[in-house]
Amino acid sequence: MSVIEFDGHNITVSVKDVEAILGLKNESVDIHEVVSKENVKELDANYNLNSFVNHVQINRFRTFSPANLKAVIGLLLLVPSLTLRRIRSYLEKFWVLMSPPLLGVEEEVQSNVSSPSVDCGLGLKERNYLGLSDCSSVDSSGVSSLPDNNKNNLNLKATELRLGLPGSQSPARETELCLLNSGKLDEKPLFPLLPSKDGICPSSQKNVVAGNKRGFSDTMDGFSEVKGYAYAEKSWMFHDAGSDSESPQTVGHGKYPGNSGANVILSARSPGAQASVKKDEPANVLQKQPHATNGINLKQTDISNNKSSAPAAKAQVVGWPPVRSFRTKTLATSSKNNDEVDGKPGPAALFVKVSMDGAPYLRKVDLTTYSTYRELSSALEKMFSCFTLGQCGSHGAAGKEILSQSKLKDLLHGSEYVLTYKDKDGDWMLVGDVPWEMFVETCKRLKIMKSSDAIGLAPRATEKSKVIN
Amino acid sequence: MQKKMECSLPDEVLEHVFSFIRSDKDRNAASVVCKSWYEIERWCRRRLFIGNCYAVSPRMVIRRFPEVRSIELKGKPHFADYNWVPDGWGGYVLPWIVEMVGAYPWLEEIRLKRMVVTDECLELIAKSFKNFKVLVLFSCEGFSTDGLAAIAASCKNLRELDLQESDVDDLGGHWLSHFPETYTSLVSLNISCLGSDEVSLSALERLVGRCTNLRTLRLNRAVPLDKIAYILRRAPQLVDFGTGTYSADLQTDVFSSLAGAFYSCKELRSLSGFWDVVPAYLPAIYPVCSRLTSLNLSYAAIQSPDLIKLLRHCPSLQRLLVLDYIEDSGLEALSSSCMDLQELRVFPSDPFGVERNVSLTEQGLVSVCLACPKLQSVLYFCRQMSNAALVTIAQNRPNLTRFRLCIMEPRTADYLTLEPLDVGFGAIVEHCKDLRRLSLSGLLTDRVFEYIGRYAKKLEMLSVAFAGESDLGLHYVLSGCESLRKLEVRDSPFGDKALLANSAKLETMRSLWMSSCSVSFGTCKLLGQKMPRLNVEVIDESGPPDSRPDICPVDKLYIYRSVAGPRFDMPPFVWTMDEDYALRDS
C-alpha cells in the first residue's frame, strides 16, 4: 500500500499511514516504518525532510503543481518533528520550479489567509510559513500596481520568497529563473488561468489551522465544522476508498482537472482507521459544488485567454504524455540546436562528468536521459559496478536484488561512499536533496565520494537558505 | 469423407496452394482443418510472426516449423516505448538466436521489436546464417556498432539493415567500412537512430555508390547537409530517403546543388530526417514534392508558415508525420492540398511543457478529417478536445482504423462543456466500425468503456490512461470487445472484480498490462493459479509483493498467455504468479 497516491489531481493518503506519520496510533512510529511500507528500504534512519520530500517526489510526485505541492505542504505541516523553517526552505526550492499559474493559485490562497480563523492557535512562525504565498500576492498585484501586502503581516517572508518569483526584483533569482524557464516567464501573463476564487484556496490554510494542533482528529473536526460555499473546494477530503471501489464517493475523484487542485483525499484503506473518518459530507461536496463554480470560472478563463486554456493546475505525471523516449531524446538535442540558431538558450543534452574516489576512470552521463534519481542511480551503478558491488556485498543486502535507488542511496549513504554533486554555484551537495528536475538544472558534476570526505556537505536546502538569510 | 480428403490432393499440390496463403491468420486456420493439412502446412511455413517472445519457446517453434526462413519477434510490452517498463525487464533475443542457429541454417530474415539484442547475438547471426538477408531492429537495445560491423563484414547477401529507433551504443562511424568492397546487394539501410557525431562518410559514399539496388536510405544527423547532394547523385534510384542534418549557412551553390540532386531522383516517394532543419533549405525538395507519398517531419522543427508552403507542393501525400508546430493553420492547409492523406501523426514539440507553445487545437484535426476521405490512421497530441469535435470526426471518417488521441494533460474534460469525453470517444467506436486500435485520453468515466464494449467489435488494441471509475469500466471492455488482443492500462481504478470475472478472456488475448491500477496481489496470485496458460507477472521495483498483505494493489501487472510456461529470465523485480509461487507462499 502506498503512503501517498497522486493521480494527477488528487492526492490520496491512506489514513493509517497519516496516523502513523502523526504518531497518533503509536508514538514510536516514525517515518522509517511508514516508508518501509512503500518498500523504500532503509531511508535515513533519522527521518528528515530531505528523505521525506525525496521519497514523495521520487515515488509519487516527481513534478510540482499546486495540487501536489499544497498537499505536500499540508502533509509536512502535520509532521510534528518538522520545523516550519525547514519546510519553508524546501518550498523555496519548489518555488523556482513552479510556473506562474501555480503562483496564481498561491496568490488566491494568500488572499484567503487573512480570514481571522487562520489565526487560531497558530504561532507567528507558522504564519510566517504561510507567508510564503505572500510573495506571489506581491507579485501579482505588482503587475498593475504596487504591492499591497498590508492585509497580512508576513512581509518578511515575502521578501525572501520573492526571490523565486517571476518578475521579481531580485536579480540573482531572476536570472536563475529565466534560465530555468528559457526566458519565457517574463512574457507570460502572470495568472492566465486563475482558478475559481473560492476554489482551491482554503486548502492549506484550513489544514494549517488544524495542523497547528498537530492532530489528526482535529483536522477531521475542522472539516466537519466548516460549512458553506467557500468550503466547496475543501481540499482535505476524506472518503472511504477502501474495499469497495464502486462506492459512490469515488466518483468525484479527480474529475475536475485544473481545479481540483489541492484535493487531498485521505482514504481509509486500512480497516480500523475508518472510525475516525467522516466520509459523507466532504465527498458529496466534492461531487456537487465544485462543478458548478469551477465550470463557470474555467469558461471565463478560456474566453479571456484563449491562447492558453490549458488547465491551471498543470500536473505532470511520470511518463506522461506517452512520447517515445527515443523521440524525447532526439527532441532534446534538436531543440538545442534550433535554439542555438535562434540565439536562445534552451534545453539540451546535459552531459556531466562522473568520478568516483578510487576509480581509475571518469564517465559522462546525460542527465536528460534520466527522469528520476532511480534511473540515474542504476545507471551509475552499472558504470561503477566493480566498485559499488563490493560495497553492496559488504553491506549485507546484496544477492539477487538489483541495486535500486533506495539501495544505492542506502549503499552510498550508509557505507563508505556518498553520491555528491557540484551545483551551478560550485558547491558540493549530497545528491537527492532537491527534486529531480531541480537537480538536473543545477548539477554540473557528479562524484561518488568517500563519505569520510563528504562530512560537512550539507543538504542543499539548509545550506542555501542560510545563504539567503 | 476423411478418406476422400486424404486422397483428394497430393501433398505437393497442397503445399503449392498453401504457398499462396500469405496471412498468418489464414495459415493458422488452414493448419487446423485436419491432421494432414497441419503436417503439410507446418513443413512449408517459411515466415513466422511471434507477437510475444515469451508466449512460446524457441524449441516448440522449431519442432513445429522446421523450414522457417523469416522470423519476426516482439519482446517487451508496448508501454516500454514510454519508459514505463523497468530497465532489465527482459525480452532477450539471444536464446532464440542460439536455438535457430542450429535449426534454421538457411534463415534469411530476422525482424525484432523491443528486444534486447547484444553484440554477441549479432556476431552469431553474422557467422551462422549463410544466406542472411534482412535484419530489422525496431526499438531494440543492448548492442553497439561493433555488432553491426560483424553483420556488415559477414552477411554477403544482406539486403536490408534497419535500425529504426533502436538504442545503439554508437562507438563511431567506422563500422560502415566493414561492408566488403565487393558487397553490392544492399536495398535498404536505415541508420537514422545512430547518435554518433561521426559517420565514415567515405565508406558511406562508396557503399551507396556500388549498391545500385538501394531503394531506402535513411541517414543519421552525423551526415552534413553539403554531403546530401553528393549521396543523392550517386543513388538517383532512391525511393525512400532520410536526410542527415539539414542545416547549414545558406549558400546559393549548396542550395542549387541540393535542389538539383533532389530533382534528379525521379523515384523518390518518401522523405524523412531533416534533423536541425534550416527552413531556408526546404525549397530544395520542392521539385520532388509532387510525387511524395510519405513525409516524416516529426524530428524537424519547422514552423507553420514554412510547413504550409511545403505542403502546398505535396498533393500526393498519403502519410504525414509532423510536430505540432504545424498548428491549426497548417492542418487547414494540409486538408486543402493533400486529399489522399491516409495517415496523420502530430507529435508534441514540447511534451513536458506546462504552457501550450503552439496554437493547435481539436480544430486542426477536424478539418483534416472533414477534407481527407481516405484518412484511416490518426495519432494526435493536443491540449484541448471537445465531444463535438470527436463526434464530427467519427461521423465524417467512419473509415478510421487507428485512432490515438493524446490530450496532454490527464483527465482533461471537454473544454466547451466541461463534460467527460465519453460521448466523443463513444461516437468514434460507434461509427468507425473497423477501428482496430484506440488510445484514450482526457476525462473519461465508465460510460466510455460501456460504449467501447458495445461497439468496438474489431478493436484489437486499446490503450487507457487516467480513465474510468470502477471495475465496471474494465469489465465492459473485457466482456465486450471480441477481437481485443492487447490492452494496456495505467492509472485507472480497475481491479480484481473485472479481472476475475473475465479471466477466460485473458487467454484469448496476447497481453494485458496494468500499472498503477487497483489489482490486488491476492488476485494476481489467484489468476496465476487458476489460469495455468497465463503468465501473471507482478513487477515491483520496490520489493517483493508478498511482503505486503494480499489486498494491497500491485505496482505493475503484466499478463500474457503462453504455452511455454513461466519464463526463466526474470529480473529480481518481476515475480510470476504460478502454482510454485503459491506453494512457496503458503
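Residue numbers start from 1 in every chain, and the chains themselves are labelled A, B, ... in the order their sequence lines are given, proteins ahead of strands.
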### Message
Return the CZ to CG distance between A/R327 and B/L323, rounded to the nearest 0.5 Å.
### Response
7.0 Å
### Query
Centre of B/Y82's six-membered ring, under 6.0 Å away, within 45 degrees of the axis: is that where NZ or CZ of A/R324 sits?
no
### Task
Search all heavy atoms of A/P321 against all heavy atoms of B/M408 and return the closest pair with its distance.
CG-SD, 3.8 Å
### Task
Rounded to the nearest 0.5 Å, what's the gap from CZ on A/F326 to CD on B/Q164? Could you check?
8.5 Å
### Task
Measure B/D167 against the heavy atoms of chain A and call it side chain, backbone, both or neither at under 4.5 Å.
side chain
### Query
When you look at B/F352 and A/W320, which way does the ring-ring contact (aromatic ring centres under 6.0 Å, His included) test go after all the steps?
CA-CA 8 Å; B/F352 307 109; A/W320 189 263; over 10 Å; no
### Task
Indicate yes or no: at least one non-hydrogen side-chain atom of A/V323 is less than 4.5 angstrom from one of B/F381.
yes
## Note on the structure
Bottom line for B/I407: the part with an atom under 4.5 Å from chain A's heavy atoms is backbone
### Query
Of the backbone (N, CA, C, O) and the side chain (C-beta and beyond), which part of B/S139 lies under 4.5 Å from a heavy atom of chain A, both, or neither?
side chain
### Summary
Okay, B/F79 and chain A: the region with an atom under 4.5 Å from a heavy atom over there is neither
